Amino acid sequence: MPYKIGQLVTGAVTGIQPYGGFIKLDEQTQGLVHISEFKSGIVKDLNGELKVGDQVQVIVLDIDQYTGKISLSLRQVGIMPLKDTPIIKNNSVKRHFWTNYHLDYGFEPIALALPGWIEEAKKRIS
């Protein structure tokens, strides 16, 4: 089954580690709920939060396009609107999903502007 970022899915807990819990989404697919995505607030011990075999609903946060690893969230299940829920546009609230897509910003624009900055600095010195 192909999964999409922002999709609500149900899975079974297959393992618990100190850094997160593994959720089996289907026969071939498993994802990880990082400890920071279990609930709002501080979670010190995941064994008190989940048990192996529990059925949970999770949101797909990210799908690594190179490795196919899936990041999941329990914390955002109550926050995320479902497909049938009307979405109210509010420009002051932004949802961010972590992705590994290459964006057009970073150090490259700084490197392209650097020669101009050097020339400007030379003019100020002389």
Side-chain angles (χ1 to χ4, degrees):
M1 176 179 180
Y3 296 99
K4 296 180 182 173
I5 293 174
Q7 181 178 2
L8 179 69
V9 293
T10 302
V13 178
T14 59
I16 299 172
Q17 297 294 324
Y19 53 85
F22 290 95
I23 311 294
K24 181 179 178 181
L25 303 176
D26 60 37
E27 292 301 318
Q28 294 85 25
T29 310
Q30 183 168 287
L32 173 70
V33 177
H34 189 265
I35 191 169
S36 64
E37 290 296 331
F38 267 89
K39 66 179 183 179
S40 296
I42 297 173
V43 178
K44 292 185 179 183
D45 183 21
L46 297 178
N47 290 316
E49 301 294 323
L50 290 176
K51 293 183 179 130
V52 174
D54 285 353
Q55 291 288 321
V56 293
Q57 283 192 326
V58 291
I59 296 282
V60 177
L61 288 183
D62 185 31
I63 302 171
D64 189 306
Q65 64 184 352
Y66 300 109
T67 63
K69 292 181 180 178
I70 299 177
S71 298
L72 304 169
S73 174
L74 279 166
R75 182 172 57 97
Q76 295 189 25
V77 169
I79 299 170
M80 296 294 300
L82 299 177
K83 186 168 53 171
D84 300 332
T85 306
I87 297 174
I88 299 170
K89 291 274 185 178
N90 184 352
N91 292 336
S92 65
V93 177
K94 294 185 179 180
R95 270 202 186 32
H96 177 75
F97 293 103
W98 294 100
T99 63
N100 60 351
Y101 296 109
H102 300 287
L103 304 174
D104 294 333
Y105 57 87
F107 290 109
E108 186 176 359
I110 295 171
L112 295 174
L114 187 59
W117 294 342
I118 293 172
E119 289 302 317
E120 186 177 321
K122 286 180 181 177
K123 288 176 188 176
R124 289 183 183 181
I125 292 173
S126 45

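We're numbering straight along the sequence, starting at 1. This is a predicted model, so every value here is computed, not measured.
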A.B. asks: Donor-acceptor pair, distance only, cut-off 3.5 Å: does the side chain of Gln7 make one with the backbone of Lys4?
C.D. replies: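 Such a contact is found between Gln7 side chain and Lys4 backbone.
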
A.B. asks: Start with the C-alpha gap between Lys123 and Glu119, add the side-chain angles, then the distance that decides, and say whether salt bridge (Lys or Arg N to Asp or Glu O under 4.0 Å) holds.
C.D. replies: CA-CA 6 Å; Lys123 288 176 188 176; Glu119 289 302 317; over 6 Å; no

A.B. asks: Considering all heavy atoms of both residues, which atom of Ser73 and which atom of Glu37 are nearest to each other, and what is their separation?
C.D. replies: OG-OE1, 2.6 Å

A.B. asks: In this structure, which one of Thr10, Leu74, Val33 forms a side chain to side chain contact (heavy atoms under 4.5 Å, CB included) with Val56?
C.D. replies: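 Single pass found, and it is Leu74.
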
A.B. asks: Using the test side-chain contact (heavy atoms from CB on, under 4.5 Å), find all partners of Lys24 that sit at least two apart in sequence or belong to another chain.
C.D. replies: Thr14, Glu27

A.B. asks: Given Leu8 and Gln57, is the side chain to side chain contact (heavy atoms under 4.5 Å, CB included) satisfied, shown in steps?
C.D. replies: CA-CA 7 Å; Leu8 179 69; Gln57 283 192 326; 4.1 Å; yes

A.B. asks: When Ile23 is tested against each of Val13, Leu32, Thr29, Asp54 for side chain to side chain contact (heavy atoms under 4.5 Å, CB included), which residue passes?
C.D. replies: Val13

A.B. asks: Looking at every non-hydrogen atom in both residues, tell me the closest pair between Gln55 and Ala12 and how far apart they are.
C.D. replies: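 Heavy atoms of Gln55 and Ala12 come nearest at NE2-CB, 3.4 Å.
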
A.B. asks: Could you state the interatomic distance from CD1 (Ile16) to NZ (Lys51), rounded to the nearest 0.5 Å?
C.D. replies: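 One finds 9.5 Å between CD1 of Ile16 and NZ of Lys51.
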
A.B. asks: For the side chain to side chain contact (heavy atoms under 4.5 Å, CB included) test, which of Val60, Asp62, Leu61 pairs with Ile70?
C.D. replies: Val60

A.B. asks: Kindly give the heavy-atom pair with the smallest separation between Phe22 and Gln17, and that separation in Å.
C.D. replies: CE1-CG, 3.8 Å

